Amino acid sequence: MRVKTEHLIPPPSDRTGAVLFQIGSFSPITYAHLRLFEAAKDKLRQAGFHVCGGYLSPANDAYKKSSLVPATHRLSMCRLALRELEHIAIDEWEARADRFVPSYEVASRLHTALSAWRRHIQLFLVCGSDLLLSMGNPNSWPRQSVLKLVSFCRFIVKSRNGQKPDISDDVPLVQEVMWIDAWVGDHSSTLVRHHLKRGQSITFMTPKPVIDYIHQHRLYR
Ligand SMILES: Nc1ncnc2c1ncn2[C@@H]1O[C@H](COP(=O)(O)OP(=O)(O)OP(=O)(O)O)[C@@H](O)[C@H]1O
Ligand SMILES: NC(=O)c1ccc[n+]([C@@H]2O[C@H](COP(=O)(O)O)[C@@H](O)[C@H]2O)c1
């Protein structure tokens, strides 16, 4: 499967282009995931980058988190949500693979495609501080996985639930992080699933077409 580049805005010849990507379960995608992209774009523009756009790569079913609904549903919901965002595409390769895909492979694949697309492109993983912190746990993130990931991208991170890890203590392999200051909100997929289980409304937690899709397919009951 080819990496799409048609949705990206090419950088002018004298500027470094920033391309963002998000990994995660997206079970389901929420407004926080969408806000995360917007907040990261603002931060990178302030830092002088030309923001080309980005990708969202939902995890493979083989990630085996109990909260995952099948990838076909998660991809469909991401597709519906991304209608609200310009220049961000879904990279379906990870979700459609026949195995668990370590995140460095997602980054490596994007890195290779983007290097062929234009010169002077910097790839950024956009994430919350919970994901960053998890990379300090060698039981879920083998050392080599983190080292390889770091070799393909930089990190742009939003503090979550008031936590702001000390990189040198908590995730020394990552070394350097750009912090997002802008508001993202505290939505989470867990909260959406809890509301659905209790029969409560999830309006304004995720875009309306995603809500309709969830009800139509009777997900997260
Ligand atoms: N409210 C938020 N603030 C900052 N980052 C967030 C927020 N919600 C999600 N993220 C980030 O989005 C990425 C993908 O997250 P994921 O799909 O696991 O969503 P989640 O809401 O954390 O899911 P779950 O509640 O099922 O664990 C991760 O980097 C995560 O930290
Ligand atoms: N070794 C690795 O590359 C590795 C380990 C654990 C989680 N992950 C990824 O991190 C993300 C975590 O998502 P959740 O926060 O929804 O669990 C997923 O995309 C998952 O594939 C990657």
Side-chain angles (χ1 to χ4, degrees), residues 20-40 43 54-69 71 73-75 77-78 81-82 85 88 90-97 99-110 124-153 155-165 171 173-174 177 179-197 202 204-206 210 214 219-220:
L20 309 162
F21 75 110
Q22 274 191 54
I23 54 170
S25 304
F26 306 105
S27 187
I29 189 164
T30 72
Y31 271 125
H33 298 121
L34 304 185
R35 267 298 305 162
L36 212 48
F37 271 127
E38 290 301 293
K43 178 78 187 185
Y55 300 89
L56 191 143
S57 180
N60 192 276
D61 288 344
Y63 180 42
K64 292 213 182 306
K65 208 171 155 179
S66 59
S67 54
L68 294 187
V69 295
H73 286 313
R74 290 181 290 117
L75 286 170
M77 291 186 283
C78 288
L82 286 190
L85 273 193
I88 306 288
I90 305 178
D91 185 14
E92 301 193 1
W93 176 76
E94 175 182 5
R96 293 195 180 282
R99 61 185 170 95
F100 170 73
V101 179
S103 304
Y104 71 79
E105 288 190 32
V106 175
S108 160
R109 178 170 176 279
L110 293 178
F124 284 90
L125 173 65
V126 194
C127 67
S129 52
D130 56 320
L131 182 62
L132 176 69
L133 265 177
S134 73
M135 292 179 193
N137 174 1
N139 294 326
S140 51
W141 286 85
R143 197 182 147 79
Q144 282 306 317
S145 269
V146 182
L147 286 174
K148 286 183 193 164
L149 180 63
V150 170
S151 72
F152 296 118
C153 61
F155 285 58
I156 178 157
V157 184
K158 175 67 190 171
S159 162
R160 203 172 176 190
N161 301 323
Q163 70 186 181
K164 193 160 181 187
V171 262
L173 298 179
V174 170
V177 159
W179 288 100
I180 296 172
D181 317 307
W183 180 87
V184 165
D186 60 1
H187 294 309
S188 75
S189 304
T190 303
L191 204 62
V192 172
R193 294 192 303 271
H194 280 175
H195 275 63
L196 287 165
K197 283 232 159 58
I202 55 165
F204 306 130
M205 295 171 126
T206 187
V210 176
I214 288 173
L219 303 178
Y220 308 112

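Quantities reported herein were computed from a predicted structural model and do not represent experimental measurements. Counting starts at 1 for both ligands and their atoms, following the listed order.
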Atoms of ligand 1 close to C127 [distance to a heavy atom under 4.0 angstrom, numbered from 1]: 29 (O)
G128-ligand 1 polar pair, N/O distance under 3.5 Å: yes
Check: K43 side chain, W179 main-chain N or O, donor-acceptor pair, under 3.5 Å: yes
Distance, nearest 0.5 Å, that separates CZ of F37 from CD1 of I88: 4.5 Å
Side chain proximity check, Y104 to S151, heavy atoms < 4.5 angstrom: no
The single option from I29, V192, T30, I202 passing side chain to side chain contact (heavy atoms under 4.5 Å, CB included) against V210: I29
Per-atom contacts, ligand 1 versus G185 - under 4.0 Å to a heavy atom: 1 (N), 2 (C), 3 (N)
Proximity flag S27 to ligand 1, non-hydrogen atoms under 4.0 Å: no
Option whose closest heavy atom lies nearest to atom 19 (O) of ligand 1, chosen from Q22, H33, R74, H194: H33
Nearest neighbour in protein (non-hydrogen) for atom 10 (N) of ligand 1: R160 NH1, 3.6 Å
Mode of T190 contact toward ligand 1 - side chain, backbone, both, neither (heavy atoms, under 4.0 Å): both
Within-shell test, T30 vs ligand 1, heavy atom, strictly < 4.0 Å: no
Member of R109, E92, Q22, E94 meeting the side-chain hydrogen bond (donor to acceptor under 3.5 Å, both in side chains) criterion with S57: E94
Atoms in ligand 1 with a heavy atom of A32 nearer than 4.0 Å: 1 (N), 2 (C), 7 (C), 8 (N)
K64, NZ: over 12 other non-hydrogen atoms inside 6.0 angstrom: no
D130 N/O under 3.5 Å from ligand 1 N/O: yes
Proximal protein residues to ligand 2, non-hydrogen atoms under 4.0 angstrom: I23, G24, S25, A59, Y63, K65, E94, F100, P102, S103, L131, S140, W141, P142, S145
Side chain, backbone, both or neither: S189 near ligand 1, heavy atoms under 4.0 Å: both
Side chain R143, main chain L173, donor-acceptor under 3.5 Å: no
Distance filter under 4.0 Å to R193 heavy atoms, resulting ligand 1 atoms: 26 (O)
Donor on one side chain, acceptor on other, S67 and Y220, under 3.5 Å: no
Element-labelled atoms of ligand 1 that are located less than 4.0 Å from some non-hydrogen atom of I23: 13 (C), 14 (C)
Check: A97 main-chain N/O paired with N60 side-chain donor or acceptor under 3.5 Å: yes
Closest protein heavy atom (residue, atom, distance) for atom 18 (O) of ligand 1: S25 N, 4.0 Å
With R160 via salt bridge (Lys or Arg N to Asp or Glu O under 4.0 Å) - residues at least two apart: D130
Heavy-atom side-chain proximity of V106 to Y55 below 4.5 angstrom: no
Sub-4.0 Å atoms of ligand 1 with respect to non-hydrogen atoms of F26: 17 (O)
Heavy atoms from other residues, nucleotides or ligands near CZ of F100 exceed 12 (cutoff 6.0 Å): yes
side-chain contact (heavy atoms from CB on, under 4.5 Å) assessment of H187 paired with T206: CA-CA 9 Å; H187 294 309; T206 187; over 6 Å; no
Y63 and L68, any side-chain heavy atoms less than 4.5 Å apart: yes
Sub-4.0 Å atoms of ligand 1 with respect to non-hydrogen atoms of K65: 27 (O)
Any N/O pair D186/ligand 1 closer than 3.5 Å: no
Per-atom contacts, ligand 1 versus L131 - under 4.0 Å to a heavy atom: 29 (O)
N137, CG atom: more than 12 neighbouring heavy atoms under 6.0 Å: yes
